[in-house]
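A, B, ... follow the sequence lines: proteins, then strands. Residue 1 opens every chain. Excluded from the calculations below are hydrogen atoms, water molecules and symmetry mates; all remaining heavy atoms, backbone and side chain alike, are included.
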Amino acid sequence: MQKNYTPPQQLPSILRSLESCKSMEDLKQIHSIILKTKHFQTQLVWTKFISFCALSPSACTKAKALREGEGIHCYSVKTGVLSDVYVKNTLMRLYAVCGLCHAVKKLFEGSAQRDLVSWTTLIQAYANMDLPEEAVRVFLEMGETELRADEMTMVIVLSACSKLKDLNLGRKLHWYMSDNKVNLDVFVGNALVDMYLKCGDVDFACKVFKEMPEKNVVSWNSLIAGLTHQGKCKEALNVFRRMQSEGVKPDNVTLVGVLNSCANLGVLELGEWVHSYIGRNPIKPDGFIGNALVDMYAKCGRIDQAFEVFKNMKKRDVFSYTSMIVGLAMNGQGEKALQFFSEMSMVGVKPNGVTFIGVLSACSHVGLVEEGKRHFKEISSLYKIEPQMEHYGCMVDIFGRAGLIAEALEFVRIMPIEPDAFVWGSLLGACKTYGRVELAETIMKKLIEVEPDKDGAYVVMSNIYSSANRQKDAIQIRKTMKQRKMKKIPGCSVIELNGVIHEFRRGDKSHLRTKEIYSMLDEVMNRLTVEGFMTKTSDVSVDLVHVEKAQSLCQHSERLAIAFGLISTKSRTPLRIIKNLRVCSDCHCVTKFISRVYQREIIVRDRNRFHHFIDGSCSCNDFW
DNA sequence: GTAGGGTTAG
């Protein structure tokens with residue numbers, strides 16, 4: 001190595017050439033100049049040169065960089081330049097960027113001198129190739145040497161740990177950091193917040209976030225996206241509001257996180273605000289943002305707006321199409337969903353597993369049995385995707401809803417994976433729709449086996465007994481639930497008014513306008529009687545009105561939300577309700593009634609799909 | 001003066 005050989009005034013010229021290098025030709029030329037000019041052949045120049053090959057996607061593709069790198073590699077071996085740790089680490093980096101873990105490992109293992117950067121580069125190579133276990137293994141191996149990780153190493157190891165979702169490991173890494181005096185700089189802090197969230201420790205993530213001495217937009221993004229991912233969408237939106245009030249400017253990543261939370265919660269107003277914010281700021285509604293907008297509108301029941309964004313996007317990928325397909329399916333527009341699916345194949349966008357969940361649920365909602373069967377077959381035969389539990393569940397649903405109970409049972413019998421609660425639940429639902437009480441009893445037992453501590457099976461079974469006029473059995477089931485202290489998933493409905501999210505639980509009395517809400521409900525039920533609505537509904541038990549009055553203290557959450565919507569908005573304003581469970585048939589009836597008598601469009605998103613109630617009927621055609 | 005860093009979708 002000829003470190004101090006170069007006359008200092010000549011050295012910057014080649015470095016300047018490197019910086020202004022714009023094409024592969026330039027790079028090759030520079031390479032040959034270096035090879036011809038002995039005094040250029042220094043550690044610094046080689047390091048810069050290789051680094052340039054590795055890191056400049058404008059100048060060359062990975063494959064070209066790789067070829068160049070291999071040339072340098074041979075040359076370095078011949079001349080002995082490779083014995084220099086800087087050159088070697090940079091070459092390792094080049095291979096890492098090209099995804100060649102094996103080459104990185106080989107260089108690393110053949111190296112007599114390994115510093116922290118060598119270890120970190122190897123760890124990074126594994127982490128980037130989606131081999132987080134290997135990355136962590138190498139990190140632990142480094143612990144057996146005298147080297148200790150610094151901030152940069154920790155960031156990479158923490159992000160590998162996030163991928164593994166291993167909270168125990170994450171905690172150990174955190175301890176390692178305090179033992180080895182790794183600073184909580186903004187990168188490390190962000191990686192820690194992300195790690196705790198992905199590993200499911202929301203409280204600790206918030207604690208780290210709070211204690212970070214320096215924050216940037218990525219810190220906020222990590223928290224918002226992480227909370228959204230953990231299903232803490234309301235919290236995520238609160239963090240966004242705090243971010244706004246602290247004057248931190250959101251970027252694309254922030255807005256994608258916010259839109260996802262809006263989609264999950266079904267809060268259209270804030271979603272629309274984000275859309276207008278994008279319009280007012282230099283953010284293109286494309287890629288991640290475009291897809292998140294499509295998804296938000298679709299999940300908020302505005303499929304028209306979803307399509308508007310979709311068609312204006314420059315590039316539509318599998319995410320854009322899948323959002324539309326899933327959205328259309330949820331909104332009961334199964335045929336259109338299938339049209340999007342065929343368009344997608346025509347323009348050459350390859351579907352994935354989630355796309356097929358959308359396709360099959362579209363078939364299920366519309367009752368297209370043969371289409372569903374054909375698409376299910378194609379998942380593996382044509383698209384080489386292994387069907388997952390959700391796909392089997394959809395098929396059972398398709399058969400069950402169409403009343404093909406025998407087919408559904410046979411499908412479950414021969415499916416290659418053990419059926420889960422969703423599959424048994426679908427079957428149980430079918431038994432309810434088609435009055436198969438005895439079969440329901442068998443299936444309920446299966447459902448309880450796979451989901452012993454949830455109430456779903458009991459609730460449906462008790463409803464099945466009720467509809468079959470077996471009140472005694474229904475009451476018995478309710479008793480059993482009480483005895484076994486079943487975990488009940490509380491029904492919860494949300495309505496957004498002027499940007500404020502109002503949440504109602506069953507029988508909720510915590511709202512500021514509770515009195516008005518309940519008197520509105522009374523009025524609704526009285527009008528129901530007067531209009532004789534009950535006589536028009538065959539699927540609801542005869543003394544619905546009587547029972548409702550008796551149970552006036554424990555109203556279902558969506559009725560509270562609707563009543564609140566009626567008293568808080570101008571006449572004819574559509575009401576949008578999001579419910580965490582499925583709508584029960586009683587509430588479905590009552591909502592149809594309200595939509596007619598009060599002339600309100602009511603859009604309810606339940607756990608599975610949308611119900612658009614207009615003038616006494618529902619878009620699901622009472623089939624859900 | 002040289003090499004290694006965090007967040008985003010269905």
J.: Is the A:Trp119 to A:Phe139 ring centre distance short of 6.0 Å?
T.: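 Here the rings of A:Phe139 and A:Trp119 have centres that are no less than 6.0 Å from each other.
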J.: Within the structure shown, what part of the strands sits under 4.0 Å from A:Val188 by heavy-atom distance: base, sugar-phosphate, or nothing?
T.: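 Result for A:Val188 = base.
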J.: Give the residues of residues 245-282 of chain A touching DNA chain B, defined as any heavy atom closer than 4.0 Å, sorted by residue number.
T.: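 A:Val253, A:Val256, A:Asn260 - these, ordered by number, are the residues of the stretch whose heavy atoms sit under 4.0 Å from the strand.
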J.: Among all residues two or more places apart in sequence or in another chain, which pass the side-chain hydrogen bond (donor to acceptor under 3.5 Å, both in side chains) test with A:Asp166?
T.: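 None.
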J.: Rounded to the nearest angstrom, tell me the gap between atom CG in A:Asn221 and atom C1' in B:dT8.
T.: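 Distance check: A:Asn221 CG to B:dT8 C1' gives 8 Å.
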J.: When you measure from every atom of DNA chain B, which of residues 157-173 of chain A have a heavy atom less than 4.0 Å away?
T.: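 None - not one residue of the stretch has a heavy atom sitting under 4.0 Å from the strand.
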J.: Counting N and O atoms only, with roles assigned by atom type, does the side chain of A:His391 sit under 3.5 Å from a partner on the main chain of A:Gly353, one being a donor and the other an acceptor?
T.: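 Such a contact is found between A:His391 side chain and A:Gly353 backbone.
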J.: Not counting sequence neighbours, list each pair that qualifies as a side-chain hydrogen bond (donor to acceptor under 3.5 Å, both in side chains) and has a residue in residues 98-117 of chain A.
T.: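 The answer is A:Asn89-A:Asp115, A:Asp115-A:Ser118.
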J.: Where along residues 109-117 of chain A does a heavy atom fall under 4.0 Å from DNA chain B?
T.: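 Only A:Asp115, A:Leu116, A:Val117 qualify.
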J.: Taking atom types as modelled and ignoring hydrogens, do the side chains of A:Thr228 and A:Asn260 form a donor-acceptor contact shorter than 3.5 angstrom?
T.: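 Checked: A:Thr228/A:Asn260 side chains show no N/O donor-acceptor pair below 3.5 Å.
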J.: Given B:dT7, B:dG5, B:dA3, identify the nucleotide with an atom nearest to the side chain of A:Asp194.
T.: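 The closest nucleotide is B:dT7.
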J.: Please list, by residue number, the residues of residues 197-214 of chain A whose heavy atoms come closer than 4.0 Å to an atom of DNA chain B; answer none if no residue qualifies.
T.: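 When residues 197-214 of chain A is checked for heavy atoms under 4.0 Å from DNA chain B, the hits, listed by number, are A:Lys198.
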J.: Mind jotting down which residue pairs meet the side-chain hydrogen bond (donor to acceptor under 3.5 Å, both in side chains) criterion with at least one end in residues 289-303 of chain A? Sequence neighbours excluded, please.
T.: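 Counting only pairs at least two positions apart or across chains, the side-chain hydrogen bond (donor to acceptor under 3.5 Å, both in side chains) contacts touching residues 289-303 of chain A are A:His275-A:Tyr297, A:Asn291-A:Asp317, A:Asn291-A:Ser320, A:Asp295-A:Lys299, A:Arg302-A:Asp304.
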J.: Suppose we screen for side-chain hydrogen bond (donor to acceptor under 3.5 Å, both in side chains). Which residues come up paired with A:Asp201, at least two apart in sequence or across chains?
T.: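 With sequence neighbours excluded, A:Asp201 shows a side-chain hydrogen bond (donor to acceptor under 3.5 Å, both in side chains) to A:Arg171, given in chain and number order.
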J.: Classify the ring geometry of A:Phe310 against A:Phe307: parallel below 30°, tilted from 30° to 60°, perpendicular beyond 60°.
T.: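 Ring orientation, 0 to 90° scale: parallel.
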J.: Output every pair passing salt bridge (Lys or Arg N to Asp or Glu O under 4.0 Å) with a member in residues 202-219 of chain A, not counting sequence neighbours, ordered by first then second residue.
T.: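 Qualifying pairs, neighbours excluded: A:Lys207-A:Glu211.
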J.: Over 60° means perpendicular and under 30° means parallel, so tell me whether A:Tyr196 and A:Phe204 are parallel, tilted or perpendicular.
T.: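 Tilted, since the angle between the ring planes falls between 30° and 60°.
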J.: Near DNA chain B, under 4.0 Å by heavy atom, which residues of residues 301-324 of chain A?
T.: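 Hits under 4.0 Å, by residue number: A:Asp317, A:Val318, A:Phe319, A:Thr322, A:Ser323.
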J.: To the nearest Å, how far apart are A:Gln43 CD and B:dG1 C1'?
T.: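 About 11 Å, once rounded to whole Å.
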J.: Going by side-chain hydrogen bond (donor to acceptor under 3.5 Å, both in side chains), name the pairs with one or both residues in residues 333-351 of chain A, residues two or more places apart or in two chains.
T.: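 Residue pairs with at least one partner in residues 333-351 of chain A: A:Tyr321-A:Glu343.
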J.: What ring pair (Phe, Tyr, Trp, His ring centres under 6.0 Å) pairs are there with at least one residue in residues 250-269 of chain A, not counting sequence neighbours?
T.: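 Residue pairs with at least one partner in residues 250-269 of chain A: there are none.
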